[in-house]
Amino acid sequence: MLPCCAVRACHVLVLVLCLSAAEDFDWTKNDRGSFYYGTFPAGFSWGAGSSAYQTEGAWDQDGKGLSIWDVFSHKKGKILQNDTGDSSCQGYYKIKEDISLMKELKLAHYLFSISWPRIMPTGIKSDHVNEKGIKYYDELIDNLLENKITPIVTLYHWDLPQVLQEKYGGWQNISMVNYFNEFSNLCFERFGNRVKYWITLNNPWAVAVEGYETGEHAPGLKLRGTGAYRAAHHMIKAHAKVWHTYDTKWRGNQKGLVGISLSGDWGEPVDISNQKDIEAAERYLQFYMGWFATPIFHGDYPQVMKDFIGRKSAQQGLGTSRLPTFSSQEKSYVKGTCDFLGIGHFTTRYITQKNYQSGRGSSSYFTDRDLAELVDPRWPDPGSEWLYSVPWGFRRLLNFVKAQYRNPMIYVTENGVSEKIRCTELCDDWRIQYYKDYTNEMLKAIKDGVNVRGYTAWSLLDKFEWDEGYSERFGLYYVDFRNKNKPRYPKASVQYYKRIVGSNGFPNQREVENWKRKATETCSSSNQLLAAEEQRSTAANILRLIHDPLTSHMEMVTEVVVPTVCTLCILLSAVFLMFLLRRHN
């Protein structure tokens, strides 16, 4: 179970203490030393995570309303290969099966999100509350607790009810603050007697930038230079209101904690001796995580955001800044509304200064920052084009958060790596290496004094990956999406992560090196099971295609040839592994 912290007795005192300035971060101190063998503090919580739209499926079942992702993914060309989350992992029907996977991993907590339109189909309580949706989450929460797994619940992981988007413009409209509060209050009322860890919003940066600036994500709006800032402003206010609602109405009896989960890549100066590069790297972080964290911890936007966006707005001839402002009352209301900080982290960038000219119609969130992002071609990149494995950046980010926000209580809410290959390899040695290195850097950060209380591997299962559909896989468990039953198969990383969890860290070099060998042995048999299933699936597809003369050639290729090739990949890798193991022995 997660350690339960004492609830703050006097929030006024906390707010007064937060008035002083954050300590400076030492950019020159970057210890990239050797692997550290040791264990995490007693009571450290290990878990895995998911989100509703990515895993539940059952998109139109049992009274669920439409979300913006239901509508967005059904538009041709928005998602790679026109995939949707309609069925995804069928998690809605597999509560007990998936909890058995968590037990296999010996998890202390499971992080998941509640689908707003599943329990409020239109997003508005007075319209309808869907009791079948409530029942599903009741069953999930109760089963987790029966198995001694602590639920950490996210209230918003991107699936806004479509009705609120159509009627009000979604997060562009201030009315979302009250609607989100109403939904959250219902969740506190119905689930709060059992849920003690709440996350208001997951990665609001992606909601704002990719949903309202670039249009890559639902609802797909391209309001360059304004949309992201307006959406973020309303989300920050919504988060604060929900925190206050819990604080005044529910905390006394339920004794839970309310936080927010913010994503942040690390930004390292290209030239650590160049002050402009250091300033650009800090600007990168402030425009990313600081955009949300600074108002919540200190009461207002980062000064560098106000300066840069204000200046560029003036150069465009605008009378006011494109970055909205908080009134003095709002600053006080928002400040201090975080019992713990969730951090989602995946990768790192090198940052350097780059000036962008301001002009009418040329403004955007990205050009407002005046910087360029670079990567080292030597960094491993097994999956997503944006995700490079740079473990030392994780420790840097955690220490930066400690310095900026007075060492808040931290739960790592997302950390993991994908693969992007058509024939998924269950012997995922790159994921084993990623988890080993990143959790070790987190251990070093704890040694540095960073207050990290728990870690969530992202993710438990392969799942729908937003605009990338099913082309990328983050899961510890492989999901066969071609099979209507969506069977799960353990990857080698399951055994490795399980050993980190069981040992609460890295006890000694000999034992840790042995973990990888044992994990690789187990994945060989899993590969053979998957290959057998692939053969059965391929045979079924061939029979279906024989009886369907109208089937296109392209369908023939994707439904039959690709699985056959994948089967061969899996069989060959299994044979090769067996050969290596025999040589080793």
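No experiment lies behind these values; they were computed from the predicted model shown.
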Is the closest side-chain heavy-atom distance between [X] and [Y] below 4.5 Å?
{"X": "F72", "Y": "I79", "result": "yes"}
{"X": "P151", "Y": "F112", "result": "yes"}
{"X": "L105", "Y": "L460", "result": "yes"}
{"X": "T352", "Y": "D271", "result": "no"}
{"X": "I152", "Y": "Y110", "result": "no"}
{"X": "I174", "Y": "H234", "result": "yes"}
{"X": "L80", "Y": "Y470", "result": "no"}
{"X": "V207", "Y": "W171", "result": "yes"}

Would [X] and [Y] count as having a side-chain donor-acceptor pair, cut-off 3.5 Å?
{"X": "S327", "Y": "Q329", "answer": "no"}
{"X": "Y197", "Y": "D339", "answer": "no"}
{"X": "N504", "Y": "T39", "answer": "no"}
{"X": "N415", "Y": "Y455", "answer": "yes"}
{"X": "T200", "Y": "H239", "answer": "yes"}
{"X": "E182", "Y": "N178", "answer": "no"}
{"X": "Q286", "Y": "Q404", "answer": "yes"}

Name all residues meeting the side chain to side chain contact (heavy atoms under 4.5 Å, CB included) criterion together with [X]; count only those two or more places apart in sequence or in a different chain, and write none if there are none.
{"X": "A208", "answer": "A228, A231, A232, M235, W291"}
{"X": "T248", "answer": "none"}
{"X": "S364", "answer": "E213, R224, F366, T367"}
{"X": "H217", "answer": "W69, W158, E210, W466, D467"}

#### Entry: Residues K312, D370; criterion salt bridge (Lys or Arg N to Asp or Glu O under 4.0 Å); working and verdict
CA-CA 10 Å; K312 286 175 177 281; D370 275 356; 3.0 Å; yes

### Residue pairs, two or more places apart or on separate chains, that pass salt bridge (charged side-chain N to carboxylate O under 4.0 Å, His left out) and touch residues 280-304
D300-K306, D300-K331

With [X], which residues qualify under side-chain hydrogen bond (donor to acceptor under 3.5 Å, both in side chains), at least two apart?
{"X": "T226", "result": "none"}
{"X": "K444", "result": "E441"}
{"X": "S328", "result": "none"}

### Ring geometry between W116 and F180 (parallel below 30°, tilted from 30 to 60°, perpendicular above 60°)
tilted

### Query
Relative to each other, are the rings of W379 and Y350 parallel, tilted or perpendicular (30° and 60° limits)?
parallel

### Message
Would you say the ring centers of W266 and F25 fall short of 6.0 Å from each other?
### Response
yes

### Task
Check W243, Y246, F183 against F188 for a ring pair (Phe, Tyr, Trp, His ring centres under 6.0 Å) and give me the one that passes.
Y246

### Query
Are the side chain of Y438 and the backbone N or O of F346 linked by a donor-acceptor pair below 3.5 Å?
yes

### Message
Has N173 got a side-chain atom pairing as donor or acceptor with M176's backbone, closer than 3.5 angstrom?
### Response
no

### Task
Start with the C-alpha distance between F326 and H233, add both sets of side-chain angles, then the distance that settles ring-ring contact (aromatic ring centres under 6.0 Å, His included), and finish with yes or no.
CA-CA 9 Å; F326 293 109; H233 199 66; 4.4 Å; yes

### Task
Could you walk me through whether S261 and T413 pass the side-chain hydrogen bond (donor to acceptor under 3.5 Å, both in side chains) test, one step at a time?
CA-CA 7 Å; S261 177; T413 45; 2.7 Å; yes

### Task
Please lay out, stage by stage, how D159 and S67 fare under the test side-chain hydrogen bond (donor to acceptor under 3.5 Å, both in side chains).
CA-CA 5 Å; D159 46 356; S67 77; 5.6 Å; no

### Query
Between Y333 and H244, is a ring-ring contact (aromatic ring centres under 6.0 Å, His included) present by the stated rule, with each step listed?
CA-CA 8 Å; Y333 188 76; H244 281 287; 4.1 Å; yes

### Task
Take D247 and K241 through the salt bridge (Lys or Arg N to Asp or Glu O under 4.0 Å) test and state the conclusion after the steps.
CA-CA 10 Å; D247 195 50; K241 182 152 191 170; over 6 Å; no

### Task
Determine, stepwise, if the pair Q54 / S88 fulfils side-chain hydrogen bond (donor to acceptor under 3.5 Å, both in side chains).
CA-CA 7 Å; Q54 292 179 283; S88 188; over 6 Å; no

#### Entry: CA sep, side-chain torsions, deciding dist, call: Y435, Y496, ring-ring contact (aromatic ring centres under 6.0 Å, His included)
CA-CA 9 Å; Y435 278 129; Y496 196 87; 8.7 Å; no

#### Entry: Distance, nearest 0.5 Å, that separates CG of D277 from CD1 of I351
9.5 Å

Side-chain donor-acceptor pairs of residues 381-394 under 3.5 Å, sequence neighbours excluded:
from	atom 1	to	atom 2	distance (Å)
S384	OG	S418	OG	2.8
S384	OG	E472	OE1	2.6

### Query
Could K447 and Y36 be counted as a cation-pi pair, given that NZ or CZ must be under 6.0 Å from the ring centre and within 45° of the axis?
yes

### Summary
D265 meets the salt bridge (Lys or Arg N to Asp or Glu O under 4.0 Å) criterion, sequence neighbours left out, with none

### Summary
The salt bridge (Lys or Arg N to Asp or Glu O under 4.0 Å) partners of D448 (sequence neighbours excluded) come to R395

### Query
Checking salt bridge (Lys or Arg N to Asp or Glu O under 4.0 Å) for the pair D428/R431: CA distance, chi angles, key distance, verdict?
CA-CA 5 Å; D428 54 345; R431 186 172 287 108; 2.7 Å; yes

### Note: R311-D368 ion pair, threshold 4.0 Å (strictly below)
no

### Message
Going by ring-ring contact (aromatic ring centres under 6.0 Å, His included), name the residues that satisfy it together with Y212, two or more places apart in sequence or in a different chain.
### Response
none

### Query
After noting the C-alpha distance and the side-chain angles of E268 and R349, does the key distance pass the salt bridge (Lys or Arg N to Asp or Glu O under 4.0 Å) rule?
CA-CA 6 Å; E268 182 74 8; R349 292 289 184 270; over 6 Å; no

### Summary
Looking only at heavy atoms, the pair that brings S115 and Y137 closest together is N-OH, 2.9 Å

### Message
Run the ring-ring contact (aromatic ring centres under 6.0 Å, His included) test on W250 and F191 for me, step by step, so that the C-alpha distance in whole Å, both residues' side-chain angles and the decisive distance to 0.1 Å come before the verdict.
### Response
CA-CA 11 Å; W250 303 105; F191 310 123; over 10 Å; no

